[in-house]
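Following: one structure in structure tokens, then a few remarks.
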Amino acid sequence: MSIAKAFQSFIKNLSRVNDPGEARSIARIVFEDALHIYDFQSAKHLATSQQNLLDSIQARLLQHEPVQYILGQADFFGLKFKVSPAVLIPRQETEELVAWILETIKTDFPSQTLRILDIGTGSGCIPIALKKKMPHLELLAIDISPEAIEIAKENVQLNAVEVRFSQIDILDTNQWSKLEQYDVIVSNPPYIPFHESTLMLTNVKDFEPKLALFVSDENPLIFYEIIADFAKEHLNKNGYLFFECNEFNANEVAQLLDKKGFTEISLHQDLNGKERMIKAR
């Protein structure tokens, strides 16, 4: 089969479980990153090995497995990251959070060497992207998952930056003494109540790590509350706390921060107009 026909056939088949635009986007990723084919209109024929690989990937995609896990990599902020089911797939909203942090640093702390802590780092995408854009920053990232820490360390090597990692459960206040003082604290914590899982896409709820996604229905803001308390002790004067949040409880998080004495609290909308990020001082 020619490359052109294979590409169109792949999109048609994926459209059974994805909308056509997303199917085309996934097809481009697969052809470029797995097959190393960049001319999707070519009349050249696929090699047998390429066709077999394509068929294998298609079968997994039709079972709703995310393409990033199948290929073992994801794009984030113009960088490549290794991913596995041990970590969340980096998302566009988190890219917007990183951009907001960078903008704030450039405005309020020009040329200063800042100490930044990322809580619940997963793949390490936030601190690595920050370090890549601002090499003078000092970054520590923590996560409860040893598997996530290992992947994050591999991504440091992959992107040739220096970020320190530590396996720490932020909910365990006894471990706070292992951490120091920071100018910026950022977190994209678990924030989806279990009852909202019925609203989620199959490729997210069935494949991505539940530890990084869900919180109890009884206390959905637990990570925001604990991290805010931590920040009151470990955030330097005039420092910033950044959160990614659930669009359905962003205002509740803002109210929580206000009650705890934070100031200059601002909500930030993502490109879809949803309030998904918070900054406080």
Side-chain angles (χ1 to χ4, degrees), residues 77 93-144 148-149 152-153 156 161-191 221-245 250-268 275-281:
F77 223 77
E93 294 85 358
T94 309
E95 288 185 321
E96 295 174 49
L97 177 63
V98 168
W100 196 20
I101 295 170
L102 290 170
E103 177 187 325
T104 301
I105 291 173
K106 288 176 184 176
T107 301
D108 289 21
F109 307 104
S111 304
Q112 292 184 41
T113 299
L114 303 181
R115 303 183 75 188
I116 299 179
L117 174 67
D118 178 33
I119 299 174
T121 195
S123 65
C125 62
I126 291 176
I128 290 170
L130 290 172
K131 184 70 172 181
K132 200 72 175 180
K133 293 298 180 181
M134 290 187 167
H136 64 283
L137 300 177
E138 295 181 6
L139 287 133
L140 171 67
I142 65 173
D143 203 289
I144 190 176
I149 292 290
K153 288 180 177 179
V156 161
V161 295
E162 184 178 337
V163 176
R164 294 184 297 118
F165 295 97
S166 183
Q167 185 187 344
I168 290 177
D169 178 5
I170 197 64
L171 298 184
D172 181 359
T173 57
N174 292 322
Q175 297 188 47
W176 290 5
S177 60
K178 299 177 183 178
L179 299 167
E180 301 174 343
Q181 299 297 120
Y182 304 93
D183 301 293
V184 175
I185 295 173
V186 56
S187 183
N188 176 19
Y191 54 65
L221 300 184
I222 183 170
F223 280 95
Y224 297 102
E225 186 161 0
I226 293 294
I227 292 171
D229 287 340
F230 169 83
K232 287 175 68 176
E233 295 182 13
H234 290 263
L235 196 59
N236 288 331
K237 185 178 180 180
N238 295 322
Y240 281 102
L241 174 62
F242 286 87
F243 282 129
E244 187 171 323
C245 55
N251 283 294
E252 292 178 56
V253 176
Q255 291 168 13
L256 181 154
L257 293 174
D258 181 60
K259 288 179 181 178
K260 289 186 179 292
F262 286 84
T263 61
E264 299 180 37
I265 301 166
S266 59
L267 292 166
H268 194 68
E275 291 182 331
R276 295 290 309 279
M277 289 154 272
I278 292 180
K279 176 173 72 172
R281 211 163 197 179

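None of these values were measured; they are calculated from a predicted model.
- The shortest distance between side-chain heavy atoms of Ile144 and Gln167 does not fall below 4.5 Å.
- Considering CD1 of Ile226 and CG of Leu171, their distance stands at 6.0 Å, rounded to 0.5 Å.
- To the nearest 0.5 Å, atom NE2 of residue His234 and atom CG of residue Leu241 are 13.0 Å apart.
- Tyr240 contributes no side-chain N or O that, together with a main-chain N or O of Asn238, makes up a donor-acceptor pair within less than 3.5 Å.
- One N or O on the side chain of Gln181 and one on the backbone of Glu233 form a donor-acceptor pair closer than 3.5 Å.
- The distance from the CD atom of Glu244 to the OG atom of Ser187 is 9.5 Å, given to the nearest 0.5 Å.
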*asked:* Could you walk me through whether Leu137 and Ile105 satisfy the side-chain contact (heavy atoms from CB on, under 4.5 Å) test, starting with their C-alpha distance in whole Å, then the side-chain angles of each, then the deciding distance to 0.1 Å, before giving a yes or no?
replied: CA-CA 10 Å; Leu137 300 177; Ile105 291 173; 4.1 Å; yes
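- No side-chain heavy atom of Ile278 sits under 4.5 Å from any side-chain heavy atom of Phe242.
- In this structure, the side chains of Leu235 and Phe230 stay at 4.5 Å or more apart for every pair of heavy atoms.
- Using a 4.5 Å heavy-atom cutoff, the side chains of Arg115 and Ile185 are not in contact.
- Taking every heavy atom of both residues into account, Pro189 and Ile227 meet most closely at CB-CD1, 4.4 Å.
- Shown here for Arg281 and Gly239, the closest heavy-atom pair between the two residues is CG-O, 3.1 Å.
- Among pairs with a residue in residues 117-140, those fulfilling side chain to side chain donor-acceptor pair (under 3.5 Å) read Asp118-Thr121, at least two apart in sequence or across chains.
- Checking side-chain atoms of Glu264 against main-chain N and O of Ala280 turns up no donor-acceptor pair under 3.5 Å.
- Within the 4.5 Å cutoff, no side-chain heavy atoms of Glu225 are placed close to those of Ile222.
- Qualifying ring pair (Phe, Tyr, Trp, His ring centres under 6.0 Å) partners for Tyr224, counting only residues two or more places apart in sequence or in other chains: Phe243.
- The main-chain N or O of Phe77 is found under 3.5 Å from a side-chain atom of Glu95 such that the two form a donor-acceptor pair.
- Closest non-hydrogen pair, Ala231 versus Phe262, comes out as CB-CZ, 4.0 Å.
- Contact annotation: the side chain of Trp176 never approaches that of Ile168 to less than 4.5 Å [non-hydrogen atoms, C-beta and beyond].
- Here the options are Leu97, Leu117, Thr94, Val98, the test is side chain to side chain contact (heavy atoms under 4.5 Å, CB included), and the partner is Val186; only Leu97 passes.
- Smallest separation of non-hydrogen atoms from Glu275 and Ala250: O-CB, 3.6 Å.
- In this structure the side chain of Leu139 reaches within 4.5 angstrom of the side chain of Leu130, judged on heavy atoms.
- Here the closest non-hydrogen pair linking Asp169 and Gln175 is N-OE1, 3.4 Å.
- Remark: the backbone N or O of Gly122 is paired with a side-chain donor or acceptor of Asp143 at under 3.5 angstrom.
- Atom CD1 in Ile116 sits 5.5 Å away from atom CG in Leu114 (nearest 0.5 Å).
- With a 6.0 Å radius and a threshold of 12 heavy atoms from other residues, nucleotides or ligands, Glu162 has its CD atom at or below the threshold.
- Between the Arg164 side chain and the Leu140 main chain, no donor and acceptor come within less than 3.5 Å of each other.
- A donor-acceptor pair is defined here as one N or O able to donate and one able to accept, closer than 3.5 Å; no such pair exists between the side chain of Trp100 and the backbone of His268.
- Nearest approach of Val156 to Ile128, heavy atoms of both residues: N-CD1, 3.6 Å.
- Atom CG of residue Leu267 and atom CZ of residue Arg276 lie 12.5 Å apart, to the nearest 0.5 angstrom.
- Note: Lys260 NZ to Ile265 CD1 = 12.0 Å, rounded to the nearest 0.5 Å.
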